[in-house]
Each structure stands twice: as C-alpha cells, then as structure tokens.
Amino acid sequence: MQTDLQQIRNIGLAAHIDAGKTTTTERILFYTGRVHRMGEVDDGNATMDWMPQEMERGITITSAATTCSWRDHRVNIIDTPGHVDFTVEVERALRVLDGLVMVMCAVGGVQPQSETVWRQANKYHIPRIVFVNKMDRVGADFHNIVHQMRKRLGASVVAIQIPIGAESEFGGVIDLIRMQGIRWQDELGLEYEYGPIPAEWQNLADKFREYLVVTLAERNPLLETKFIQGEEPTEAEIHQALRQGTVAGDLTPVLCGSALRNRSIQPLLDAIVQYLPSPLDVPSVKGKNPNNGNVEIRQADSAEPFSALLFKVKSDPFVGQLSYLRVYSGTADNGDKVLNTTTGKRERIGRLLRMHANRREEIEQVVAGDIVAVVGLSNATTGDTLCAINHPITFEKIAFPEPVISMAIEAKSQADEDRLTEALNNLAIEDPTFTTSVDPETDQQIIAGMGELHLEVIVDRLQREFNVSANVGKPQVAYKETVTARSTGEARFVRQTGGRGQYGHVILTVAPGPTGSGLVFESEIKRGVIPTEFIPAVAAGVREAMEAGTIGGYPVVDVQVTVIDGSYHEVDSSDIAFRIAGNLAFKDGYQKAQPVQLEPIMAVEVVTPEDHMGEVVNDLNSRQADIAGMNMTAGNILSIDALVPLSNMFGYSTSLRNLTQGRATYTMQPHSYQPVSNGPNQ
C-alpha cells in the first residue's frame with residue numbers, strides 16, 4: 001500500500017559522539033512499535049549498531065536505515081555516526097534527507113562534530129529540530145545549550161519545551177504550546193500525562209512562551225496581527241507557524257528529555273511529523289540531461305519519470321552488493337531496467353528491499369519519496385544517478401573529503417594476497433573516503449583514510465568479513481607541497497631521430513595560488529608564439545609534474561601557472577613535445593619558487609576534569625599544539641580547543657587515557673594544511 005507523500009518523513013539523526021543519538025533512535029523504534037524490546041548501546045545490543053565493531057566500541061560506524069510509523073505517518077530514518085573519522089556517512093545521508101534531528105548533549109553542549117554536522121546541514125539547506133538529550137545527567141543545563149546554539153551555530157533556535165528540573169531532579173517537560181506539564185508515569189516511558197505547570201516553574205514558562213510567540217509573530221503576518229491586538233494564538237496557529245518557519249529554514253524548534261530514561265520521546269516524534277518537511281515540502285530536485293546538458297527538474301510525484309540517487313553501497317554476505325537509493329520521482333518495480341547516467345550503462349533492479357538496520361524486508365515497488373536498498377546493481381557506486389531509460393537525467397554527485405592518513409598493508413600469507421586486494425577494493429567501493437593503491441617505488445599496498453580509528457576498523461573488517469589476515473605498518477601522514485614565491489621556469493625539448501623530430505619550448509611562471517585551488521592554469525601567449533592547440537598539452541605536462549614535488553615527492557597543490565612565452569617548429573612540434581616541455585618547465589620553476597612541505601593540521605577538542613588540566617596542556621604543548629582557548633563547563637569540566645599537526649597525534653587516545661585515568665575524551669577533525677614547522681614527525 002502506497003503512503004501519501006504528505007505523510008512521509010525522510011529524516012536523519014545526527015550528533016557529536018556520545019550525545020545519545022543511537023539511544024534516541026532505539027527509543028523511537030520502540031515507541032513506534034518497530035521493535036518490541038529496547039536495546040542499549042552500552043550493552044552492545046542496539047538495533048542500529050549491528051556491526052561487531054560498533055557493538056564492541058559502543059559507537060556508530062556506518063549509517064543505518066530503518067522505517068517506522070507514527071500517527072499515520074511513515075518515518076524513514078537514517079542513524080548516522082558521530083565520530084569525525086566516519087563523516088562520509090553523515091555527508092551522504094544529508095545529501096538525500098529532507099529533515100534532520102540534531103541531538104545535543106545537555107552536559108557537553110555544542111561540540112565540534114555538532115558544529116560540523118550543522119554546517120553540512122546548512123550546505124544542503126536541511127530543515128532541522130533539536131533534541132537536548134541527557135537532561136538527567138549531572139551538569140545538565142538546557143538554557144546554556146540554547147544559548148550556545150545561538151552563539152556558536154548562529155542558529156535561530158526557539159524552545160517549544162523547557163525541562164522541569166535537571167540532573168536527578170529532572171521530572172518531565174513543559175509544553176510551551178499547550179502550556180501544560182508532561183510527566184511520565186512508568187520506567188518504560190509508555191504512560192504519560194499532561195497536567196498543570198508546577199507553580200515554581202510558571203514564571204519561567206511564561207517568559208519562554210512569550211519569546212516563542214514573539215519569534216513566530218516576527219515571521220508570520222497572522223500571528224503578528226494577533227500579537228499587536230493582544231490576542232493569544234491558538235495551538236493550531238502556532239503549529240502551522242512553526243512548521244512554516246522550520247520548513248523554510250528560518251526556525252529550529254528545540255525539545256528536551258532523556259532518551260536513556262525513556263523521557264520525552266513521544267513529543268519528539270510528534271514534532272518530527274508536525275514540523276519536519278515531507279518530500280512535497282522541499283524544493284524539486286534539479287539535474288542535467290546528459291544528452292544536451294539542459295537543466296531539468298524532477299517533481300516528487302509518482303507520475304513523473306523514475307529518478308533516484310544512489311547514496312550508499314554496502315556488501316552483504318547474503319545478497320551481495322546492496323545499493324541504497326533515495327527515489328526522487330516516479331516508480332520502479334522488481335526486474336525493471338534503468339539507466340545509470342553516470343556510467344552510461346543500463347542496470348537491472350534485481351530485488352527491492354526496505355531495510356531495518358541489517359535486516360531486510362522485500363517489497364515489490366518503490367515510489368517517489370522512498371529510501372530503499374536494491375540488489376543487482378553490479379556496476380553502480382556512490383553518487384550515481386539511476387533513471388528511466390527514455391528520460392535521462394544526472395544529479396549532482398556527492399563531494400567527499402580526501403584521506404589524511406595512510407599506512408602500508410600486506411597479507412600475512414601468500415594465499416591471502418589476491419583476496420586482500422579484492423577485499424580492499426570492495427571496501428573502497430563502499431567508502432569513498434577510503435582508498436587503496438600500490439606505491440610504484442616500494443611496490444607496497446597502501447591504504448588511506450580519515451583517521452587511525454577509520455583504518456583500524458577497516459583492518460578489523462578484513463579479518464571478520466573477508467577472512468583475510470593482514471600486517472599493517474605505521475600510519476603515515478598525507479603530506480603535500482606548495483610554493484611560497486614567484487619564479488620563472490623554462491624548458492626546451494628537442495629530439496632528432498633521423499625522421500620527423502620533436503620540438504617544444506615553454507616559458508612559464510610559477511606562483512602561490514589561493515588555498516584549496518589546486519592548479520590555476522592560464523596562458524598569456526600572444527601572436528601565436530605557441531599555437532593554441534598545444535596549450536592543453538602544456539597544462540597536461542604541468543599536472544603530471546605536480547603529482548610529485550621535489551621535497552618529499554608529495555603532491556603539489558595551490559599553485560598558479562601562467563605560460564608567458566616559448567617557441568615551436570612548424571614540422572617537429574607536437575602534443576607530446578609540448579607536454580614534456582611543460583612538465584620540465586614547471587619542475588624548473590618549482591625548484592626556484594621556494595617550495596615548502598605542508599602537513600595536515602587537526603582541530604582537537606579535549607574535554608577533561610579540571611584536576612588534569614596541567615598534564616593535558618603540557619602534553620598538548622609537547623605535540624606542538626596551538627591552544628586556541630579553554631572553556632569551563634558545568635561540573636568543573638574543562639574544554640580545551642587546539643590546533644595540532646596530525647603527525648603528532650598518533651597514539652593520543654592511549655596517552656590521554658593514561659594521563660587522566662580514563663576520565664578525559666577528545667575529538668579531532670581536519671582543519672587545514674600548513675607548512676611543516678620542524679619537518680615531518682615520522
């Protein structure tokens with residue numbers, strides 16, 4: 001049975017690590033009847049954390065999809081990781097979602113990964129609501145979290161609930177729309193009732209209610225008129241104004257509760273279906289017709305031609321490759337043939353599956369608005385567009401960050417060598433931020449990823465899923481090179497072999513380019529000193545030379561190359577001659593342009609009890625950290641922000657644990673590339 005598109009919600013849950021996101025998802029599944037027993041992350045039996053690596057570490061590593069129902073709405077959910085090493089899972093989930101639930105820890109507040117996910121959601125213009133979790137924890141401070149979101153995220157947040165008490169005194173929430181208190185009657189959180197607001201909380205509730213109404217009135221003409229006339233808006237009018245503001249991205253409603261204690265999940269579900277958009281509420285998706293390059297639009301309508309974006313690939317031991325799709329328009333049935341416009345090949349949909357974490361439910365048809373998995377797409381990968389054969393369209397691909405850390409890997413036995421290569425290739429297909437290659441100089445197999453934990457999980461999966469044992473080397477940093485001065489390079493390539501010769505002569509300038517620009521290539525050749533048709537060959541030669549710099553053989557980035565002069569021979573000049581001349585001219589200019597080696601700098605946040613501040617700061621200083629600031633949070637907990645070279649952060653988790661008796665935690669994410677201060681720390 002098809003669900004009305006207005007009754008569908010495609011949402012994700014995202015948060016900083018350990019904010020309680022997976023626990024919140026687990027409660028949502030329980031109260032919607034999708035599961036009949038609540039699993040716990042700490043016990044290793046959470047529904048959405050099904051991988052052995054997730055169970056053992058108590059963290060989410062891969063995004064998991066599921067579907068549930070609430071108040072006649074179908075809610076498709078993607079639970080995403082909170083660890084920065086697996087940010088690819090968040091990026092590709094946000095690319096296909098219509099709405100987002102941000103889970104904030106009432107103690108930790110707005111943490112680094114919270115900021116990262118918020119920026120990612122801004123990039124995709126995703127409406128969101130916030131659930132301030134862990135209100136029962138020592139140090140919980142709802143009002144501070146709301147203030148942090150406004151200050152650090154620049155968010156237009158508006159509370160629609162406030163807590164009744166906090167920490168051990170947390171007893172429920174006040175609904176600022178109905179202006180009633182909600183209290184839960186049993187441990188499972190199934191029984192709850194609305195009642196009068198406790199007298200000691202009435203003044204605070206009145207202030208928050210007034211702020212809510214004023215905020216909505218500023219954005220809604222009807223409520224503005226009522227406010228001016230001194231009339232109270234109705235509940236329905238507030239709900240409608242909140243929905244309009246949330247869908248438009250002007251407002252972010254904030255709720256609170258405790259997922260672990262089974263408090264306030266039902267109001268969160270109400271907010272999801274009331275305020276987050278349906279597929280009909282978000283802008284129609286745009287793409288290009290691969291045949292003529294024209295921009296085309298696909299409406300969220302089953303009558304439109306079929307179109308979908310493949311946002312995730314997963315190897316399944318029982319069915320082979322699972323391809324996760326967000327269907328934007330049209331319908332598709334089992335056995336249908338579709339066009340992959342990214343590869344230009346036709347694919348056959350083998351089986352359609354609705355996923356519940358790692359469990360599968362077979363379905364016969366998918367329609368616009370669905371998030372499903374498909375079996376049988378052997379040539380498709382992340383970011384590919386699938387569409388009706390007679391109505392081709394290509395959607396914008398998903399952009400992923402480059403790996404920052406690499407290490408050598410080899411099979412423990414000769415028999416495992418071929419299987420190792422095959423397994424690594426399969427993992428690389430699944431994860432666009434994981435790459436595998438062979439070093440041409442050492443002939444070693446190299447794997448690269450987003451961090452130590454990322455590669456540790458990859459090696460663990462090789463053993464468990466592919467039964468391949470491997471030895472790994474010490475992690476290596478992905479260094480780069482660039483120039484700091486302007487110079488001129490010249491090269492003349494002449495080759496005479498008896499027949500037609502080769503001749504190319506290039507003079508170019510090499511200068512620093514904007515950060516993140518890669519190569520900016522220009523030509524100022526005039527009067528045909530070098531024929532126009534040879535300029536692309538010069539550019540190709542420059543790009544080849546940039547693949548390995550002169551300091552450590554690392555890739556060269558952020559340079560501006562301008563061809564200013566040269567010469568050619570009417571008979572002997574050719575593309576290959578000018579490609580080689582461009583290559584040699586760049587190398588000549590690069591060596592004179594004061595090249596420097598760049599290393600990745602990481603933004604590190606350490607959260608530690610104040611008692612251990614001295615040891616933690618001294619250790620960071622020994623790692624050449626640039627400490628940007630320290631902030632005291634509730635309960636004498638100190639947050640330290642620093643920029644540290646990645647090469648100095650290997651093994652930091654063990655050191656921090658030893659320094660603080662396991663009481664401190666840290667997070668790390670890429671910040672920038674900067675010149676190496678004292679050479680690579682390898």
Side-chain angles (χ1 to χ4, degrees), residues 3 5 8-14 25 48 60 62-68 74-81 86-102 117-128 247 249 272 276-287 297-302 304 306-314 322-332 338 340-342 349 352-357 363 366-374 377 380-387 393-400 430-433:
T3 305
L5 280 175
I8 291 178
R9 300 291 181 270
N10 290 316
I11 69 160
L13 274 82
T25 307
M48 305 302 277
T60 303
T62 182
S63 58
T66 188
T67 299
C68 58
R74 189 170 83 219
V75 184
N76 298 320
I77 300 173
I78 298 180
D79 179 34
T80 64
F86 309 105
T87 189
V88 59
E89 297 289 343
V90 184
E91 186 77 25
R92 57 184 171 191
L94 291 179
R95 175 68 172 78
V96 299
L97 292 173
D98 300 329
L100 184 68
V101 177
M102 283 290 300
V117 174
W118 197 271
R119 287 194 301 269
Q120 289 173 307
N122 285 342
K123 179 172 74 173
Y124 292 113
H125 308 290
I126 297 181
R128 67 213 79 156
V247 170
I272 288 171
L276 290 180
S278 75
L280 296 175
D281 296 318
V282 296
S284 300
V285 65
K286 293 181 180 179
I297 293 176
R298 290 289 185 270
Q299 308 278 355
D301 188 340
S302 58
E304 289 260 313
F306 174 75
S307 67
L309 183 72
L310 196 163
F311 67 93
K312 178 181 171 71
V313 172
K314 182 74 180 169
L322 277 176
S323 303
Y324 287 76
L325 302 181
R326 162 65 195 265
V327 182
Y328 285 107
S329 64
T331 64
V338 294
N340 182 335
T341 52
T342 308
I349 295 175
L352 293 167
L353 305 171
R354 201 175 300 286
M355 299 301 295
H356 180 50
I363 56 177
V366 290
V367 298
D370 276 343
I371 293 179
V372 296
V374 176
L377 306 180
T381 188
T382 302
D384 286 1
T385 301
L386 303 178
C387 61
I393 191 170
T394 302
F395 297 137
E396 183 181 354
K397 290 183 71 72
I398 310 171
F400 299 111
E430 286 187 20
D431 184 351
T433 59

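All values below were derived from every heavy atom in this structure, side-chain atoms included, with hydrogens, water molecules and symmetry-related copies excluded. Since the structure is predicted, the reported quantities are computational estimates derived from the model, not experimental observations.
Annotation: the span from L325 atom CG to L352 atom CG amounts to 8.0 Å, rounded to 0.5 Å. From I77, atom CD1 reaches atom OG1 of T25 across 6.5 Å, with rounding to the nearest 0.5 Å. Taken to the nearest 0.5 Å, the CD1 atom of I398 stands 6.5 Å off from the OH atom of Y124. Atom-to-atom distance recorded for L280:CG and I8:CD1 is 8.5 Å, nearest 0.5 angstrom. For the atom pair CG of L353 and CG of L322, the computed distance is 6.0 Å after rounding to the nearest 0.5 Å. One finds the CG atom of L386 at 7.5 Å from the OG1 atom of T341 (value rounded to the nearest 0.5 Å).
Formation of a donor-acceptor pair under 3.5 Å by the E304 side chain with backbone atoms of R298 is not found in this model. Judged purely by atom type and a 3.5 angstrom limit, S302 has no side-chain atom pairing as donor or acceptor with the backbone of V367. Listed for the D98 side chain is no donor-acceptor partner under 3.5 Å among the backbone atoms of R9.
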Under the side-chain contact (heavy atoms from CB on, under 4.5 Å) rule, what do R74 and D370 come out as? Steps first, then yes or no, please. CA-CA 10 Å; R74 189 170 83 219; D370 276 343; 2.2 Å; yes

Worked check of side-chain contact (heavy atoms from CB on, under 4.5 Å) between L94 and L100: CA-CA 8 Å; L94 291 179; L100 184 68; 3.9 Å; yes

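Taking both residues in full, the closest heavy atoms of V366 and F306 are given as CG2-CE1, 4.3 Å, listed atom of the first, atom of the second, then distance. Taking all atoms of both residues into account, the shortest heavy-atom contact from L5 to P279 is O-CD, 3.4 Å. In plain terms, the two heavy atoms of G369 and N76 that are nearest each other are O-ND2, 3.8 Å. When all heavy atoms of C387 and I393 are compared, the pair lying nearest together is SG-N, 3.6 Å. Residues E430 and T382 approach most closely at O-OG1, 4.3 Å, considering heavy atoms. Between R95 and E396, the closest heavy-atom pair is NH2-O, 2.5 Å.
Checked against side chain to side chain contact (heavy atoms under 4.5 Å, CB included), A380 has the following partners two or more places apart in sequence or in another chain: L310, N340, E347, L377, D384. Residues forming a side chain to side chain donor-acceptor pair (under 3.5 Å) with S307 (at least two apart in sequence, or on another chain): S329.
Side-chain contact check for I349 versus V338: some heavy-atom pair is nearer than 4.5 Å.
Within 6.0 Å of NZ on K286 lie no more than 12 heavy atoms contributed by other residues, nucleotides or ligands.
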